[in-house]
*Asks:* 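One structure is given below, represented as structure tokens, and several questions about it will come after.
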Amino acid sequence: MDLTPIKTRGKRRRLDESPAASSIKRVKTKPKSKRDAKPTLEAKVSILEKKLPLEVMEQIFWLSSNCNLPRASPLIGRLLSGRSTLQMIFIRAFEPTWDAEWDVHGMGTGRGIVGDPSFQSEVLECSWATIDLILECWVIFVRRRAQKYEAQKKTGEESLHFFHWVSSLDRNFTKSERVNCLLNPQKMTQLFHGDYAAFRRAEHQETPEPSGHPFLIEPLMTSYIHVHRYTRIPDSLFAPPWNEDSLQKLFWLLRSGAQLADDQTWELTLQAFHHAVPLELPDNGQVNLTIVRMLALLEVFEEWPKHILSQERSRIDHSSMPIEGGWKKYILLKLEGRDASNPSPYPR
């Protein structure tokens, strides 16, 4: 009985040798019919997404005042994520307030009551509502006003909106420069960045007494009302990490007359203060003076319970905070309620 030859990998067969017989019989399988094939799931696309033009979708977005519409589907989200679309939805939210507060200056009960605070708050919560987009929208709005200004030929009219927020800068800001800013809307962003730089400049000094008067470093909060008085400041702006974008956005809101909402209690601001003035490792001594000063502008320390104020004063007074000059004293004075910041644009 002959042995069954086994085919080995790498071993060549001689010419006079017959090929090895396969010991495994292959079973012929019938090809699967289309009915037996497993159906693949296809993403369902509604007729609205297939047929509706982008222009109509944008109009629905703007008129509905619903920031959740882009979250309805990935396709709608992509369609409504264009820069111009986002600019228009932001302008639609804030334009009523901007129109009503144009050329208005000073405190009063009738300020900041035009517009939809819920819509404005919802827009500000969106991640795309950055300070860059906000300033772009303001430039677009001012450009429209500039066109009306030139059409009506009001060459002698002044606008208090073009005063710097920090009062010390107003002395060198003449009427002709204000008119030039109106005719050149791009300079409106320079006003904001100038105010922000002036606000931050005091933090680089050894003492918060740049003008000879004790702690006279806070701006006047009566020049701009760009948000409804009940528009909510996003909670995310009170939590770290803080970068230039979030700091400038919070500064823009304070500069625009924003106040804390009723449900934003002292616990929220106390937590923000702890993040800004940490005394525990690994952040010991890394004081964020910008946040502390903006909390002071919001007058949050006046809303804290007395025992919390006492605890915070003791915590800071017995710490070795490595901050320059009189800034430790500045924080303690704020916690004592002395040298209160400038009044809110709305009477309490």
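Quantities reported herein were computed from a predicted structural model and do not represent experimental measurements.
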*Asks:* I'd like to know if the side chain of E312 and the backbone of L335 have a donor-acceptor N/O pair within less than 3.5 Å.
*Replies:* no
*Asks:* Please determine whether side chain to side chain contact (heavy atoms under 4.5 Å, CB included) holds for the pair F119 and N66, giving the CA-CA distance in whole Å, both sets of side-chain angles, and the decisive distance to 0.1 Å.
*Replies:* CA-CA 8 Å; F119 186 26; N66 185 3; over 6 Å; no
*Asks:* Kindly say whether H226 contributes a backbone atom to a donor-acceptor pair with the side chain of S256 at under 3.5 angstrom?
*Replies:* no
*Asks:* Check V292 against A276 and note the closest heavy-atom contact, atom names and distance.
*Replies:* CG2-CB, 4.0 Å
*Asks:* Who passes salt bridge (charged side-chain N to carboxylate O under 4.0 Å, His left out) against R200, sequence neighbours left out?
*Replies:* E203, E244
*Asks:* Walk me through it: do L247 and M294 pass the test side chain to side chain contact (heavy atoms under 4.5 Å, CB included)?
*Replies:* CA-CA 9 Å; L247 290 176; M294 286 197 275; 4.1 Å; yes
*Asks:* Any chance CD of Q311 has more than 12 other-residue heavy atoms, nucleotides or ligands included, within less than 6.0 Å?
*Replies:* yes
*Asks:* Say whether D317 and S314, considering side chains only, have a donor N or O and an acceptor N or O under 3.5 Å apart.
*Replies:* no
*Asks:* Can you tell whether the side chains of R144 and E95 come within less than 4.0 Å, N to carboxylate O?
*Replies:* yes
*Asks:* Roughly how far apart are L250 CG and I131 CD1, rounded to 0.5 Å?
*Replies:* 10.0 Å
*Asks:* With the side chain counted from C-beta on, respond yes when F94 and C137 share a heavy-atom pair under 4.5 Å apart, and no when they do not.
*Replies:* no
*Asks:* Are F301 and T269 close enough that some pair of their side-chain heavy atoms sits under 4.5 Å apart?
*Replies:* no
*Asks:* So which heavy atom on P234 is nearest to which on Q264, and how close?
*Replies:* C-NE2, 4.5 Å
*Asks:* Taking the side chain as every heavy atom from C-beta outward, state whether F90 and E136 have any pair of such atoms under 4.5 Å apart.
*Replies:* no
*Asks:* For the pair F199 and F251, name the ring-plane relationship: parallel under 30°, tilted 30 to 60°, perpendicular over 60°.
*Replies:* tilted
*Asks:* For the residue pair L124 and I233, establish whether any side-chain heavy-atom pair is separated by less than 4.5 Å.
*Replies:* no
*Asks:* Side chains of E125 and S236: do they bring a donor and an acceptor to under 3.5 Å?
*Replies:* no
*Asks:* If you take all heavy atoms of L63 and R92, which pair is closest and at what distance?
*Replies:* CD2-NH2, 3.3 Å
*Asks:* Closest approach of I291 and A272, non-hydrogen atoms and distance?
*Replies:* CG2-O, 4.4 Å
*Asks:* Does atom CG of D263 have more than 12 heavy-atom neighbours, drawn from other residues, nucleotides or ligands, at distances under 6.0 Å?
*Replies:* yes
*Asks:* If I take atom CD1 from residue I91 and atom CG from residue L86, how far apart are they, to the nearest 0.5 angstrom?
*Replies:* 11.0 Å
*Asks:* Which atom names give the shortest non-hydrogen contact between I225 and T97, and what distance separates them?
*Replies:* O-CG2, 4.2 Å
*Asks:* What's the spacing between D116 CG and T231 OG1 if we round to 0.5 Å?
*Replies:* 8.0 Å
*Asks:* Does L135 offer a backbone N or O that forms a donor-acceptor pair with the side chain of T189 under 3.5 Å?
*Replies:* no
*Asks:* Are the side chains of F238 and L260 in touch, meaning some heavy atoms are under 4.5 Å apart?
*Replies:* yes
*Asks:* Yes or no on side chain to side chain contact (heavy atoms under 4.5 Å, CB included) for R255 and D195, after CA distance, side-chain angles and deciding distance?
*Replies:* CA-CA 9 Å; R255 183 178 181 259; D195 289 345; 2.8 Å; yes
*Asks:* Between W242 (side chain) and L237 (backbone), is there a donor-acceptor pair under 3.5 Å?
*Replies:* yes
*Asks:* When you look at Y330 and L289, which way does the side chain to side chain contact (heavy atoms under 4.5 Å, CB included) test go after all the steps?
*Replies:* CA-CA 10 Å; Y330 167 84; L289 289 174; 5.5 Å; no
*Asks:* Using a 4.5 Å cut-off on heavy atoms from C-beta on, say whether the side chain of W128 contacts that of V123.
*Replies:* yes
*Asks:* Test your reading of the model: is there a side-chain donor-acceptor pair from K334 to the backbone of R293, 3.5 Å cut-off?
*Replies:* no
*Asks:* Check whether any side-chain N or O of E303 sits under 3.5 Å from a backbone N or O of V300 as a donor-acceptor pair, and report yes or no.
*Replies:* no
*Asks:* Decide yes or no for N68 and E122: does some side-chain heavy atom of the first lie under 4.5 Å from some side-chain heavy atom of the second?
*Replies:* yes
*Asks:* Quick one: closest heavy-atom pair of P117 and G115, and the distance?
*Replies:* CD-O, 3.4 Å
*Asks:* Whether the side chain of Q120 engages the backbone of A93 through a donor-acceptor N/O pair (distance < 3.5 Å, no angle test) should be reported.
*Replies:* yes
*Asks:* Can you tell me how far apart CD (Q248) and OG1 (T290) are? Round to the nearest 0.5 Å.
*Replies:* 10.5 Å
*Asks:* Would you please indicate if the ring centroids of F273 and W304 are separated by under 6.0 Å?
*Replies:* yes
*Asks:* Mind checking what makes side-chain hydrogen bond (donor to acceptor under 3.5 Å, both in side chains) contact with T265, not counting sequence neighbours?
*Replies:* E267
*Asks:* How many angstroms lie between CD1 in I316 and NZ in K329, if you round to the nearest 0.5 Å?
*Replies:* 15.5 Å
*Asks:* Side chains of R313 and E336: closer than 4.5 Å at any heavy-atom pair?
*Replies:* yes
*Asks:* Applying the 4.5 Å side-chain criterion to the ILVMFWY set and letting contacts propagate, would I113 and Y230 be lumped into a single cluster?
*Replies:* no
*Asks:* Starting at CG of L332, measure out to CG of L309 and round the result to the nearest 0.5 Å.
*Replies:* 11.5 Å
